[in-house]
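Just below is one structure, and these are the notes that go with it.
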Amino acid sequence: MRIVVLTGSPHKRGTSNTLVEEFIKGAEESGHNVVRFDTPFLNIHPCIGCDRCGMNGPCVFNDDMPKILDTILDSDMIVFATPIYYFGFSAQIKAAIDRFYSRNGRIQSKHLKSAFIVTAWNNDNQVMQAIDKHIDILIDYLNLDNLGKILAKGYGYVGARLEDEYKREAYELGRSVRQFYDRCLCTCVTTRVL
């Protein structure tokens, strides 16, 4: 399976990127091909809502997004990873997600597998509420088949008390993609035989 990972942290060695590395390790050990885009370090212009793309065409901005979108459309799974910034996605990854608009229909019809990795400094019940709801809406709107969410509360710095637990969870999520993929293949073969 081909997996695209979009990261949203401007801290290359930050918590969400640490979990992404564990996810990728698990996924690659299971035989998957992973392509990673670190959105804070790419040229991604925010959507301006001009509608020139008509939700299915070229954007007015000639930046790094067409390559990202083409890679997503050639993939089987998308993973979103972000730190919490004011109870939501970081601005960097949000700008990339907003630009999905130019390929909405094609992304929706792919029924991509997905996973979400989110880290937050706070450890209270409120910190993940808004992004958890936003994730659910994205899953529904983009017709994603979500394989998991890691909502890592109390993980605001590398080396935090819960780091090993979250790293293990991210690694296992990456490894489990293989099991899901194998089940899918069996189901498809069985369906064709019937």
Side-chain angles (χ1 to χ4, degrees), residues 1-42 44 68 71-72 75-98 100 112-142 144-181:
M1 181 169 10
R2 186 173 165 116
I3 302 170
V4 177
V5 178
L6 296 182
T7 71
S9 177
H11 303 282
K12 291 181 180 181
R13 301 275 177 232
T15 57
S16 61
N17 284 330
T18 297
L19 298 188
V20 162
E21 289 166 9
E22 291 298 313
F23 174 88
I24 291 172
K25 180 179 174 186
E28 288 181 338
E29 285 178 9
S30 291
H32 300 292
N33 178 24
V34 181
V35 178
R36 176 177 174 168
F37 292 103
D38 296 309
T39 64
F41 307 103
L42 299 174
I44 299 174
I68 295 170
T71 305
I72 290 169
S75 298
D76 306 294
M77 180 175 186
I78 184 166
V79 178
F80 301 86
T82 184
I84 288 286
Y85 284 2
Y86 271 82
F87 305 98
F89 289 98
S90 72
Q92 293 87 345
I93 195 170
K94 181 65 167 64
I97 293 169
D98 288 350
F100 284 18
L112 292 163
K113 309 293 180 273
S114 67
F116 293 81
I117 298 170
V118 183
T119 60
W121 186 279
N122 292 4
N123 198 23
D124 59 42
N125 291 329
Q126 182 184 26
V127 71
M128 292 292 182
Q129 288 177 358
I131 198 162
D132 194 25
K133 183 66 175 170
H134 192 163
I135 288 169
D136 288 342
I137 291 168
L138 277 177
I139 291 167
D140 183 56
Y141 180 70
L142 293 174
L144 302 175
D145 182 5
N146 195 49
L147 304 185
K149 299 178 199 172
I150 298 174
L151 304 178
K153 300 187 299 184
Y155 186 35
Y157 60 92
V158 172
R161 182 177 58 82
L162 296 169
E163 181 172 72
D164 287 343
E165 178 183 331
Y166 289 135
K167 284 172 71 174
R168 191 167 36 256
E169 192 176 339
Y171 172 79
E172 290 302 326
L173 180 58
R175 296 255 322 151
S176 71
V177 171
R178 180 82 223 170
Q179 295 165 351
F180 183 85
Y181 186 64

Flag side-chain contact, heavy atom, 4.5 Å: [X] against [Y]:
| X | Y | answer |
| --- | --- | --- |
| Ile135 | Phe89 | yes |
| Met128 | Lys149 | no |
| Ile44 | Ile68 | yes |
| Phe87 | Ile131 | no |
| Phe23 | Ile150 | no |
| Thr119 | Tyr166 | no |
| Val79 | Ile3 | yes |

State, to 0.1 Å, how close [X] and [Y] come at their nearest heavy-atom pair, and which atoms those are.
| X | Y | answer |
| --- | --- | --- |
| Phe41 | Pro10 | CZ-O, 3.4 Å |
| Ala152 | Leu19 | CB-CD1, 4.2 Å |
| Ala81 | Ile93 | O-CD1, 3.6 Å |
| Leu112 | Ser75 | CD2-O, 3.2 Å |
| Ala91 | Tyr85 | N-CD2, 4.5 Å |
| Ser16 | Ser9 | OG-CB, 3.4 Å |

Nearest 0.5 Å please: distance from the [atom1] atom of [X] over to the [atom2] atom of [Y].
| X | Y | atom1 | atom2 | value |
| --- | --- | --- | --- | --- |
| Ile139 | His134 | CD1 | NE2 | 10.5 Å |
| Leu144 | Asn146 | CG | CG | 7.0 Å |
| Thr71 | Ile78 | OG1 | CD1 | 10.0 Å |
| Asp132 | Ile137 | CG | CD1 | 10.5 Å |

Using the side chain to side chain contact (heavy atoms under 4.5 Å, CB included) definition, which of the options Lys25, Met77, Glu28, Arg2 pairs with Val34?
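Filter result, single survivor: Glu28.
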[X] side chain to [Y] main-chain N or O, any donor-acceptor pair under 3.5 Å?
| X | Y | value |
| --- | --- | --- |
| Thr82 | Ser90 | yes |
| Thr39 | Thr7 | yes |
| Asn17 | His11 | yes |
| Thr15 | Gly156 | no |

Name all residues meeting the side-chain hydrogen bond (donor to acceptor under 3.5 Å, both in side chains) criterion together with Asn122; count only those two or more places apart in sequence or in a different chain, and write none if there are none.
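Partners of Asn122 by the side-chain hydrogen bond (donor to acceptor under 3.5 Å, both in side chains) criterion come out as none, since no residue qualifies.
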Run Met1 and Asn33 through side chain to side chain contact (heavy atoms under 4.5 Å, CB included) and show every step you take.
CA-CA 6 Å; Met1 181 169 10; Asn33 178 24; over 6 Å; no
Look at Arg168 together with Asp164 and state whether they make a salt bridge at an N to O cut-off of under 4.0 Å.
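Here Arg168 does not pair with Asp164 in a salt bridge, since their nearest N and O are not under 4.0 Å apart.
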Side-chain ion pair, Glu21 and Lys12, N-O less than 4.0 Å
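Salt bridge flag = no for Lys12 with Glu21.
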Can you list the residues that meet the ring pair (Phe, Tyr, Trp, His ring centres under 6.0 Å) rule with Phe37, with sequence neighbours excluded?
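Testing Phe37 for ring pair (Phe, Tyr, Trp, His ring centres under 6.0 Å), a comparison that skips the adjacent residues, returns none.
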Side chains of Glu29 and Tyr171, donor plus acceptor under 3.5 Å
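Side chains of Glu29 and Tyr171: pair found under 3.5 Å.
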Evaluate the criterion side chain to side chain contact (heavy atoms under 4.5 Å, CB included) for residue pair Val177 and His32; output intermediate values, then yes/no.
CA-CA 9 Å; Val177 171; His32 300 292; 3.6 Å; yes
Quick one, Glu163 with Val158, criterion side chain to side chain contact (heavy atoms under 4.5 Å, CB included). Give me CA distance, side-chain angles, the key distance, then yes/no.
CA-CA 7 Å; Glu163 181 172 72; Val158 172; 3.3 Å; yes
Asp124, CG atom: more than 12 neighbouring heavy atoms under 6.0 Å:
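Enclosed.
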